[in-house]
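First up is the structure itself, then whatever we jot down about it.
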Protein chains: 2
Amino acid sequence: MGSPSTATRISGRRQRSSSGHTPVPATRFDRRLKEILAHATDVFCKKGYEGASMRDLSRASGMSLAGMYYYFESKERLLFLIQKHTFSTIVQRLKARLEGVDDAEQRVRIFILNHLEYFLANQQAMKVLSHEAEVLKNGFASELAAIKREYYRICVGLLDDLKGERDLQFTTRIAVLSLFGMMNWIYTWHNPRVDADADAIAREMGDIFLRGVMTGGKSRRDGR
Amino acid sequence: MGSPSTATRISGRRQRSSSGHTPVPATRFDRRLKEILAHATDVFCKKGYEGASMRDLSRASGMSLAGMYYYFESKERLLFLIQKHTFSTIVQRLKARLEGVDDAEQRVRIFILNHLEYFLANQQAMKVLSHEAEVLKNGFASELAAIKREYYRICVGLLDDLKGERDLQFTTRIAVLSLFGMMNWIYTWHNPRVDADADAIAREMGDIFLRGVMTGGKSRRDGR
DNA sequence: ACTTTGTTCGAACGAACGTTCGAATTAGCC
DNA sequence: GGCTAATTCGAACGTTCGTTCGAACAAAGT
């Protein structure tokens, strides 16, 4: 009837995933979308955002090209959904793990472990997050930047606490970004058949970073 | 006259840049190619390899689309030329700087400074090198991988020397790759209007990394 | 002057791109 | 069964992609 073409934009159908917690099943729509996101993550990981075509993505999901657009309105939004979900999850898990831990050094170690554990368990998603960090535009970009900034600020807070507690003298910004570099670079080299698991790597990176940042503060370097 | 179409492939014209040292002028061909590489580096840096079209690249060089193919036979080879030149230069400069320096710690500091100095002075080229590290295929990929491996091995050597000299106990592979991560990640955050220059950052990253790696070796951690 | 070689370009190629549309199919409910 | 809404798809849209071709222009050698 009416005009099925213009303006409709199906948009009404899109907003699912009730703000509360759906225990498991969610709607059919949500379940299928989740599958598509998972397959798309694989493809983006292997070929990059620009290098992956909508035809590649649809093939990976076992869905027709046109059918994809029932679930999201553009390729860019698909990337956004992947990145947002990945990043939100890691922030949320971090908050849960930090709760109840008071020791400043221990809190930094938890940050590192949380990051690396999630990174290695969801390597493809994290590569897409790290490697395609600049491709989103405008609205998508700023919404993701907000989550990113929150995560960054948490880490700044942890290091500033440590710095205050022990009277250290590093530049927080450099330290935080060096730490992110150490951790995020892992997607370029980690090979599960050669390298240790997340716990071991987190311990070793934590050792390097924490000793590096905690040695030689204002507090006497000699034995005095 | 013969057949100008098939098989010619102009290839003979390509091999320039005499193995020796051309003092400055080089051939006209070489000079123009260098300009094109410089402009292409800008564009690849801004839009990524897949995101940059040959039309973008030709526009940036002020040359026609078809004209570009007089200088290189494919977009992939263009990226290869950029990456190879960038990487070769950084390795070559490193070797020169290491010559004559014996102290193991000092040699690691030189490695870090050399990397960061070149990184910040040629930020676009280094971003293209870091970010588009996986797009080349087959022959191009393996030739570049060889340079990469040489650079990596140099760093492993420096750290193993340090480790042997001072009886330390870190995992070299993890340490090297953590260091690369710290340094290479810089392309995602460095802002010349906010952040310090290469010397200062190299000093601070060097402090973090070297203290991290040198503290708490086999040599007693307690005062015994 | 003519010839040769090096350099540039407009126009076009077929293929692949992201996205849309309307019709067909399926699932859920009476 | 039949009705409605949710889901899927084939076919096509117009655009852009990387690359090629042959003709045109400029430089260098004689």
Side-chain angles (χ1 to χ4, degrees), chain A residues 1-16 25-36 39-40 43-44 47-80 135-137 140, chain B residues 1-16 25-36 39-40 43-44 47-80 135-137 140:
Chain A
M1 301 134 202
S3 60
S5 54
T6 50
T8 58
R9 279 248 155 239
I10 335 176
S11 52
R13 217 162 319 157
R14 296 279 163 65
Q15 302 315 53
R16 309 305 182 88
T27 66
R28 198 158 102 84
F29 180 91
D30 282 338
R31 268 179 285 119
R32 191 80 177 97
L33 175 56
K34 216 171 161 185
E35 284 174 31
I36 295 175
H39 288 117
V43 180
F44 280 146
K47 319 182 101 175
Y49 175 77
E50 305 276 2
S53 71
M54 284 298 296
R55 284 159 183 85
D56 292 332
L57 299 168
S58 74
R59 209 174 303 120
S61 303
M63 170 162 283
S64 73
L65 177 60
M68 304 285 279
Y69 286 87
Y70 179 70
Y71 288 92
F72 44 86
E73 65 227 50
S74 68
K75 188 186 172 190
E76 192 183 5
R77 174 152 177 98
L78 172 57
L79 176 63
F80 170 75
V135 320
L136 295 179
K137 328 218 146 189
F140 291 144
Chain B
M1 288 139 209
S3 59
S5 53
T6 50
T8 58
R9 278 250 156 235
I10 335 179
S11 52
R13 218 162 319 158
R14 294 281 162 62
Q15 301 315 53
R16 310 308 181 88
T27 66
R28 199 159 103 84
F29 180 91
D30 283 338
R31 267 180 284 120
R32 192 81 177 97
L33 174 56
K34 214 172 162 185
E35 285 174 31
I36 295 175
H39 288 116
V43 180
F44 279 146
K47 319 182 104 176
Y49 174 76
E50 305 276 3
S53 71
M54 284 298 296
R55 284 156 183 87
D56 292 331
L57 299 168
S58 75
R59 208 174 304 119
S61 304
M63 169 162 284
S64 74
L65 176 60
M68 303 283 281
Y69 285 87
Y70 179 70
Y71 288 92
F72 43 86
E73 65 228 52
S74 69
K75 189 186 172 191
E76 192 184 6
R77 175 153 176 96
L78 172 58
L79 176 63
F80 171 75
V135 320
L136 296 178
K137 329 217 148 189
F140 292 144

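In what follows, every heavy atom counts, from backbone to side chain, and hydrogens, waters and symmetry copies are set aside. Convention: sequence-line order gives letters A, B, ...; per-chain numbering from 1.
- D:dT16 atom C1' lies 12 Å from atom CG of B:Leu65, rounded to whole Å.
- Not a single side-chain contact (heavy atoms from CB on, under 4.5 Å) links B:Lys34 to another residue, sequence neighbours left out.
- The minimum heavy-atom distance linking B:Glu76 with B:Lys137 is given by the pair OE2-N, 2.8 Å.
- Residue order along DNA chain C, read from the 5' end via each residue's closest nucleotide, puts B:Met63 first among A:Gly67 and B:Met63.
- Using a 4.0 Å cutoff on non-hydrogen atoms, the parts of residues 50-62 of chain B near DNA chain D are B:Ala52, B:Ser53, B:Met54, B:Arg55, ordered by number.
- B:Lys75 has its NZ atom 8 Å from the C1' atom of D:dC17, to the nearest Å.
- Shown here are the side-chain contact (heavy atoms from CB on, under 4.5 Å) partners of B:Ser64, two or more places apart in sequence or in another chain: B:Ala66.
- Taking both residues in full, the closest heavy atoms of B:Leu136 and B:Phe140 are given as CB-CB, 4.0 Å, listed atom of the first, atom of the second, then distance.
- Per the geometry, CZ belonging to A:Arg31 stands 15 Å off P belonging to D:dA6, to the nearest Å.
- Qualifying salt bridge (Lys or Arg N to Asp or Glu O under 4.0 Å) partners for B:Glu35, counting only residues two or more places apart in sequence or in other chains: B:Arg32.
- Taking B:Val43 as the reference, B:Lys47, B:Ala52, B:Asp56, B:Leu57, B:Ala60 meet the side-chain contact (heavy atoms from CB on, under 4.5 Å) condition, with sequence neighbours excluded.
- Note: B:Phe44 and B:Tyr49 have tilted aromatic rings, judged against thresholds of 30 and 60 degrees for the angle between ring planes.
- Rounded to whole Å, the distance from CD on A:Glu73 to P on C:dT19 is 10 Å.
- OP1 and OP2 of C:dT7 both lie 4.0 Å or more from every side-chain N or O belonging to B:Tyr69.
- Residues meeting the side-chain contact (heavy atoms from CB on, under 4.5 Å) test with A:Ser61, sequence neighbours left out: A:Ile36, A:His39, A:Met63, A:Met68.
- Between the OH atom of B:Tyr70 and the C1' atom of C:dC9 there is a distance of 14 Å, given to the nearest Å.
- When the P atom of C:dT7 is taken as reference, atom CD of B:Glu35 falls 13 Å away, rounded to whole Å.
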Would you tabulate the nitrogen or oxygen pairs shorter than 3.5 Å linking the protein to nucleotides 24-30 of chain C?
none

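- Distances from the side chain of A:Ser64 to the nucleotides D:dG10, C:dG10, D:dT7 place D:dG10 closest.
- Summarising the geometry, atom CZ belonging to B:Phe72 is positioned 11.0 Å from atom CG belonging to B:Leu79; distances are rounded to the nearest 0.5 Å.
- B:Tyr71 places its OH atom 18 Å from the C1' atom of D:dT19, with the value rounded to the nearest Å.
- Rounded to whole angstrom, the span from the CZ atom of B:Phe72 across to the C1' atom of D:dT20 amounts to 14 Å.
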Dot-bracket assigned to DNA chain C with the 3.5 Å Watson-Crick/G-U criterion, [ ] for crossing and | for other-strand pairs, is |.|||||||||||||||||||||||||.||

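- Side chain of B:Ala66, nearest nucleotide from D:dT20, D:dT7, D:dT19: D:dT20.
- Listed by chain and residue number, nothing satisfies the side-chain hydrogen bond (donor to acceptor under 3.5 Å, both in side chains) test with A:Ser74 (two or more places apart in sequence, or in another chain).
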